[in-house]
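All values reported here derive from a predicted model rather than from experimental measurement. All chains are named by letter (A, B, ...) in the order of the sequence lines, taking the proteins before the strands, and each is independently numbered beginning at 1.
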2 protein chains.
Amino acid sequence: MKHQVNSRLNDIVSKIKKMGYSLTPQRLEIIKIVSESKSHPSAVDVYDKLRKAYPMISLNTVYKNLSLLSSIHEVKEIRTLQNSVHYDGDISLHGHAICEKCGRIIDVKIDESDFKGFFDAKIKENFKENYYINNYGLEFYGLCGLCYKETASD
Amino acid sequence: MKHQVNSRLNDIVSKIKKMGYSLTPQRLEIIKIVSESKSHPSAVDVYDKLRKAYPMISLNTVYKNLSLLSSIHEVKEIRTLQNSVHYDGDISLHGHAICEKCGRIIDVKIDESDFKGFFDAKIKENFKENYYINNYGLEFYGLCGLCYKETASD
DNA sequence: ATCTATATAATATTTATTATTATATAATAT
DNA sequence: ATATTATATAATAATAAATATTATATAGAT
Ligand SMILES: [Mn+2]
Ligand SMILES: [Mn+2]
Ligand SMILES: [Zn+2]
Ligand SMILES: [Zn+2]
């Protein structure tokens with residue numbers, strides 16, 4: 001719902017400002033696109049959307065800003081098997097189902113209690129000392145609904 | 001121990017043959033290297049090791065064979081944040097801790113009961129119909145022991 | 001031994017990403 | 001407001017991993 005999207009946007013924007021980065025129109029637009037998207041776009045996908053509002057935008061600028069957002073942990077990078085990086089504006093706890101054929105990425109719900117019961121336990125038993133974990137990834141590779149149907153009908 | 005490594009090698013070799021692929025010396029050597037390695041090598045890493053025995057080996061051949069092994073699910077591809085593909089000859093159930101600074105990949109133990117309790121449950125509740133999962137990924141991103149120490153002493 | 005299919009090697013090309021540099025704009029101070 | 005400075009953007013060039021192409025070599029089959 002709109003309300004949540006906006007608060008997410010505000011969170012990112014205020015973090016950007018607090019950390020001393022300037023808020024340019026291009027940067028704001030990139031933040032909007034990536035935070036509102038549900039489709040895990042690549043840098044080029046973001047670039048293509050941007051060009052409507054900013055026809056002169058440089059792809060480099062997109063990469064720079066997505067890297068910035070990633071470095072402050074406001075977007076998550078996802079790597080599919082067709083080896084380009086995709087960006088997720090939803091940094092909440094969840095996993096991904098990645099289609100090995102078409103590359104489509106869809107969200108997989110994980111709730112907090114699952115996390116406590118599994119990830120947290122794994123971290124505790126595997127990384128006792130001198131190891132700092134600040135992120136996790138959970139992926140299910142296979143065939144998405146569409147590609148599954150195609151394969152079945154061969 | 002040696003015995004297990006050899007049976008693993010035999011498994012792959014017989015699968016290769018059964019599927020109708022020919023077993024060339026180069027291919028055998030690549031299978032040996034990747035199935036015996038514990039360090040999750042990249043294609044170039046494998047290439048460099050190969051050159052001792054086969055100075056004329058082509059990098060393309062390495063890529064082709066690693067892709068082949070991946071396609072028959074006898075090696076797993078791993079992507080680090082520095083965006084090159086690494087190969088894991090150990091296809092048993094386990095996760096990876098990936099260092100965001102140096103890219104080092106180390107194994108994280110998961111036992112079968114954990115898997116049943118978590119992955120399997122997630123698969124069942126998220127992918128009811130028309131979705132085929134044949135692989136999973138579990139990663140912990142952070143700083144490895146060495147990089148952690150470095151950062152701490154800054 | 002010959003034939004045919006497949007694998008390899010050498011080379012060229014593609015594609016995603018990063019680096020460089022010049023220009024423009026935002027934040028800040030005057 | 002204007003000038004100053006630091007940062008961001010745009011245009012361009014460079015890098016590096018992976019893939020495609022083609023010719024040669026080799027494995028497996030006849
Ligand atoms: Mn997501
Ligand atoms: Mn491993
Ligand atoms: Zn698909
Ligand atoms: Zn490290």
Side-chain angles (χ1 to χ4, degrees), chain A residues 12-34 40-72 75 77-87 100 103 105, chain B residues 12-34 40-51 53-72 75 77-87 100 103:
Chain A
I12 302 177
V13 165
S14 50
K15 189 167 185 177
I16 287 281
K17 284 181 175 167
K18 192 169 63 182
M19 296 189 80
Y21 299 108
S22 49
L23 188 71
T24 65
Q26 292 94 329
R27 177 163 291 163
L28 179 60
E29 191 66 22
I30 290 168
I31 295 172
K32 272 185 192 163
I33 289 172
V34 77
H40 312 92
S42 69
V44 172
D45 294 335
V46 173
Y47 177 62
D48 287 338
K49 279 193 183 170
L50 268 170
R51 297 172 87 166
K52 288 159 192 163
Y54 296 89
M56 301 313 285
I57 194 93
S58 160
L59 182 53
N60 194 340
T61 302
V62 180
Y63 274 109
K64 279 240 165 105
N65 277 288
L66 291 173
S67 300
L68 173 65
L69 291 168
S70 176
S71 75
I72 64 172
V75 309
E77 299 186 350
I78 311 168
R79 275 142 224 272
T80 68
L81 298 180
Q82 20 277 297
N83 106 229
S84 63
V85 181
H86 292 251
Y87 297 87
E100 288 178 322
I105 303 170
Chain B
I12 302 177
V13 166
S14 49
K15 189 167 185 178
I16 286 282
K17 284 181 175 167
K18 193 169 62 183
M19 296 189 79
Y21 299 108
S22 50
L23 189 70
T24 64
Q26 292 94 328
R27 177 163 291 163
L28 179 60
E29 191 65 23
I30 290 169
I31 296 172
K32 273 185 193 165
I33 289 172
V34 77
H40 311 93
S42 69
V44 172
D45 294 335
V46 173
Y47 177 62
D48 287 339
K49 277 193 184 169
L50 267 170
R51 297 170 86 166
Y54 295 89
M56 302 312 286
I57 193 92
S58 160
L59 183 54
N60 194 341
T61 302
V62 179
Y63 275 110
K64 279 241 165 104
N65 277 287
L66 291 173
S67 300
L68 173 66
L69 291 168
S70 176
S71 76
I72 64 173
V75 308
E77 299 186 349
I78 311 168
R79 274 143 226 271
T80 67
L81 299 181
Q82 19 278 298
N83 199 98
S84 64
V85 182
H86 291 250
Y87 296 88
E100 289 178 322

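- Atom CZ in A:Arg51 sits about 12 Å away from atom P in D:dA10, given to the nearest Å.
- Side-chain contact between A:Leu28 and A:Ile16 is absent, with no heavy atoms from C-beta onward closer than 4.5 Å.
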Donor-acceptor pairs are to be reported for all side-chain atoms of residues 45-62 of chain A against protein atoms at under 3.5 Å, with residues two or more places apart or in another chain.
unit_1	atom_1	unit_2	atom_2	d
A:Asp45	OD2	A:Ser42	N	2.9
A:Asp45	OD2	A:Ser42	OG	3.2
A:Ser58	OG	A:Asn60	N	3.1

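- Remark: C1' of D:dT9 and OH of A:Tyr47 are 12 Å apart, rounded to the nearest angstrom.
- The heavy-atom pair separating B:Glu77 from B:Val85 by the smallest distance is CB-CG1, 3.9 Å.
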Pairs counted only when both distances fall under 3.5 Å, Watson-Crick or G-U: show me the 5' to 3' dot-bracket for DNA chain C, [ ] for pseudoknotted crossings and | for other-strand partners. ||||||||||||||||||||||||||||||
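- The OH-P distance, from B:Tyr54 to C:dA7, rounds to 16 Å in whole Å.
- Rounded to whole Å, atom P of C:dT25 lies 12 Å from atom CD1 of A:Ile57.
- Atom CG of A:Asn65 and atom C1' of C:dT17 are 15 Å apart (whole Å).
- Taken from OG in B:Ser71 to CD in A:Glu100, the straight-line distance is 11.0 Å, to the nearest 0.5 Å.
- The interatomic distance linking A:Met56 (CE) with D:dA10 (P) rounds to 8 Å, in whole Å.
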Pair B:Ile31-B:Leu23, side-chain contact (heavy atoms from CB on, under 4.5 Å): steps then yes or no: CA-CA 10 Å; B:Ile31 296 172; B:Leu23 189 70; 4.3 Å; yes
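- Distance, A:Leu28 CG to D:dA8 P: 14 Å, rounded to whole Å.
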In B/S/- notation (B base, S sugar-phosphate only, - none; protein heavy atoms under 4.0 Å), nucleotides 13-26 of chain D written 5' to 3' is ----SBBBB-----
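- No side-chain heavy atom of A:Asn65 sits less than 4.5 Å from a side-chain heavy atom of A:Gln26.
- A donor-acceptor pair is defined here as one N or O able to donate and one able to accept, closer than 3.5 Å; such a pair exists between the side chain of B:Ser67 and the backbone of B:Tyr63.
- Between A:Ile31 atom CD1 and D:dT9 atom P there is a gap of 10 Å when expressed in whole angstrom units.
- With rounding to the nearest 0.5 Å, the separation of CG in A:Leu66 from CZ in A:Arg27 is 11.0 Å.
- Side chain of B:His86 to backbone of B:His40: a donor-acceptor contact under 3.5 angstrom is found.
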